Student: 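Let me give you the structure first, and then I'll get to my questions.
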Amino acid sequence: MINFSKEQFYIVTGASSGIGESVAILLNELGASVIAVARNIERLNKMKSKCKYPENIYIEVKDLTQDIENLPNYVKSLKDKYSKFSGMAYCAGIGDINPLYTITYETIKKIFDINYVAPILMTKGVADRRNNIGKGCSIVYISSIDAKLSAKGQPLYAGSKAALISSVKSLSKEFSMRGGRMNCILPSILETPMVTNENSVVHNEISEEYPTGWGKPIDAANLVAFLLSDKTQKISGQSYILDLGNVLFRE
């Protein structure tokens, strides 16, 4: 069984909805202290109200794309405010449809800033030995199956998620020398607000490709908790696909 203690502090970005919300609630239920980071204070408070131990949820309202170059210093400020970190779950992200003719520098920057630049700079802060507990510190990133099998019209989303995976593989080799570890999760179709806006026809067509049914945010959260826990001390630099039974994702 996975257990954490309130002395273990984890940053969870994108904690106000979707996978991030599920991760924050689950880590709290398992005993951890959670620094819940997101832009929307109302939704953060709603998430906190669902927690088993709300006194161990610490809300931080922050747009990670604002003052992005100073994110390492932002992590340090959180450490000074709370405690050294046992790890981070980077769940913030955006997706969009960007056919080639619509792509501009601004659209590239918008998607890469939150999906790639921000997690790398947040990692720089968390991986700083002055800001983490040292051996046992774990970082998990939510990437996407689109990094492996991208859909038409998603070159920027797929590219940002693929870039994150590649960088984590490299960074994990540095971090392991300090006793830390990093891993990525690649969800396929999960019932998050970003996905369930699709119409029912698309929903039904896609569902036929996934024999186990559409996933839910808690499915990703369970894997995040496992990878953050001391049960995975020998696992780093890996990418785990939540395949939902789709044969296309099998070796």
Side-chain angles (χ1 to χ4, degrees), residues 1-38 44 46-60 78-79 82-92 123 126-127 131-143 145 168 172 175-176 178-192 210-245 249:
M1 183 176 178
I2 298 173
N3 289 298
F4 298 94
S5 72
K6 66 179 181 180
E7 286 74 33
Q8 292 177 282
F9 283 77
Y10 291 91
I11 296 173
V12 178
T13 69
S16 63
S17 66
I19 295 173
E21 178 185 37
S22 289
V23 169
I25 292 171
L26 180 59
L27 290 180
N28 174 264
E29 180 181 342
L30 295 174
S33 291
V34 174
I35 313 302
V37 180
L44 281 170
K46 184 176 180 181
M47 177 276 296
K48 184 173 182 176
S49 71
K50 301 176 185 177
C51 289
K52 184 174 182 179
Y53 307 108
E55 68 275 12
N56 294 334
I57 291 283
Y58 302 93
I59 287 176
E60 291 288 336
L78 294 179
K79 184 269 297 184
Y82 298 107
S83 179
K84 287 190 174 184
F85 295 108
S86 293
M88 174 176 69
Y90 191 93
C91 307
T123 297
V126 175
N131 297 333
N132 67 65
I133 61 169
K135 185 177 180 180
C137 183
S138 178
I139 304 175
V140 179
Y141 309 82
I142 300 300
S143 180
I145 191 59
V168 168
S172 67
F175 201 34
S176 64
R178 306 175 193 173
R181 58 194 191 277
M182 303 174 177
N183 293 285
C184 289
I185 295 174
L186 287 61
S188 43
I189 299 296
L190 301 183
E191 292 183 356
T192 63
Y210 297 92
T212 66
W214 279 39
K216 298 184 182 298
I218 188 60
D219 297 319
N222 283 327
L223 186 49
V224 171
F226 176 63
L227 291 171
L228 290 177
S229 77
D230 60 7
K231 308 298 183 184
T232 56
Q233 293 184 17
K234 305 299 182 181
I235 300 176
S236 189
Q238 301 302 310
S239 297
Y240 293 93
I241 297 173
L242 291 177
D243 60 83
L244 308 181
F249 306 144

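These numbers come from a predicted model, not from an experiment.
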Student: Counting N and O atoms only, with roles assigned by atom type, does the side chain of Ser172 sit under 3.5 Å from a partner on the main chain of Arg181, one being a donor and the other an acceptor?
Tutor: no

Student: Using atom types as modelled and distance alone, determine if a side-chain donor or acceptor of Arg178 lies under 3.5 Å from a backbone N or O of Lys135.
Tutor: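 Not a single qualifying donor-acceptor pair exists.
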
Student: Should Asn132 and Phe175 count as side-chain neighbours, where that means a heavy-atom distance under 4.5 Å?
Tutor: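 Side chain of Asn132 against side chain of Phe175, heavy atoms only: contact under 4.5 Å found.
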
Student: Might you point out which heavy atoms bring Ala36 and Ala15 nearest each other, and give the distance in Å?
Tutor: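 The pair with the smallest heavy-atom distance is CB-CB, 3.6 Å.
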
Student: Taking side chain as C-beta onward, heavy atoms only, is Asn3 less than 4.5 Å from Ser5?
Tutor: no

Student: Hey, could you give me the CD1/CD1 distance between Ile218 and Ile25, rounded to the nearest 0.5 Å?
Tutor: 8.0 Å

Student: Could you pull out the closest heavy-atom pair between Ser16 and Ala38, with the gap in Å?
Tutor: OG-CB, 3.5 Å

Student: Measuring from Tyr141:OH to Cys184:SG, what's the distance to the nearest 0.5 Å?
Tutor: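 So the OH of Tyr141 and the SG of Cys184 are separated by 7.0 Å.
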
Student: Could you state the interatomic distance from OG (Ser83) to NZ (Lys6), rounded to the nearest 0.5 Å?
Tutor: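 Between atom OG of Ser83 and atom NZ of Lys6 there are 12.5 Å.
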
Student: Looking at Thr13, Val224, Val23, which one forms a side chain to side chain contact (heavy atoms under 4.5 Å, CB included) with Ile142?
Tutor: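 Only one of Thr13, Val224, Val23 forms a side chain to side chain contact (heavy atoms under 4.5 Å, CB included) with Ile142, namely Val224.
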
Student: Specify the closest pair of heavy atoms between Asn183 and Gln238, including all atoms of both residues, with the distance to one decimal.
Tutor: OD1-N, 3.0 Å

Student: Look only at the side chain of Ser188 and the backbone of Leu242, and say whether a donor-acceptor pair between them is shorter than 3.5 Å.
Tutor: yes

Student: How close do Glu55 and Tyr58 get, counting heavy atoms only, and between which atoms?
Tutor: O-OH, 3.5 Å

Student: What's the spacing between Asn56 CG and Leu27 CG if we round to 0.5 Å?
Tutor: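 Between atom CG of Asn56 and atom CG of Leu27 there are 11.5 Å.
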
Student: Can you tell me how far the OG atom of Ser86 sits from the CD atom of Glu7, to the nearest 0.5 Å?
Tutor: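 The distance works out to 9.5 Å.
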
Student: Are Asn28 and Lys52 side-chain neighbours, meaning at least one heavy-atom pair lies under 4.5 Å?
Tutor: yes

Student: Report, as yes or no, whether the 6.0 Å neighbourhood of atom OH on Tyr82 holds more than 12 heavy atoms from other residues, nucleotides or ligands.
Tutor: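 Above 12, so yes.
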
Student: Keeping Asp219 on the side-chain end and Lys216 on the backbone end, is there a donor-acceptor pair under 3.5 Å?
Tutor: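 Yes, Asp219 side chain to Lys216 backbone: donor-acceptor pair under 3.5 Å.
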
Student: Give the C-alpha distance, both sets of side-chain angles, the deciding distance and a yes or no for side chain to side chain contact (heavy atoms under 4.5 Å, CB included) between Met47 and Ile57.
Tutor: CA-CA 9 Å; Met47 177 276 296; Ile57 291 283; 4.1 Å; yes

Student: Has the side chain of Ser229 got a donor or acceptor atom that lies under 3.5 Å from a matching backbone atom of Phe4?
Tutor: no

Student: Please check: side-chain N/O of Thr232 versus main-chain N/O of Phe226, any donor-acceptor pairing under 3.5 Å?
Tutor: yes

Student: Check Lys84 against Lys79 and note the closest heavy-atom contact, atom names and distance.
Tutor: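 Between these two residues, the closest heavy atoms are CA-CG, 3.8 Å.
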
Student: Measure the shortest side-chain to side-chain distance between Lys48 and Pro54 over non-hydrogen atoms and say whether it is less than 4.5 angstrom.
Tutor: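 Yes, at least one pair of side-chain atoms sits under 4.5 Å.
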
Student: Do the side chains of Val168 and Thr123 get nearer than 4.5 Å, heavy atoms only?
Tutor: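 No, side chains not in contact.
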
Student: For residues Phe85 and Cys137, determine if any side-chain heavy atom of one lies less than 4.5 Å from a side-chain heavy atom of the other.
Tutor: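 Sidechains of Cys137 and Phe85: no contact.
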
Student: Specify the closest pair of heavy atoms between Ala24 and Val34, including all atoms of both residues, with the distance to one decimal.
Tutor: O-CG2, 3.8 Å

Student: Hey, could you give me the CD/CG distance between Glu60 and Leu44, rounded to the nearest 0.5 Å?
Tutor: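 Result: 9.5 Å between the selected atoms.
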
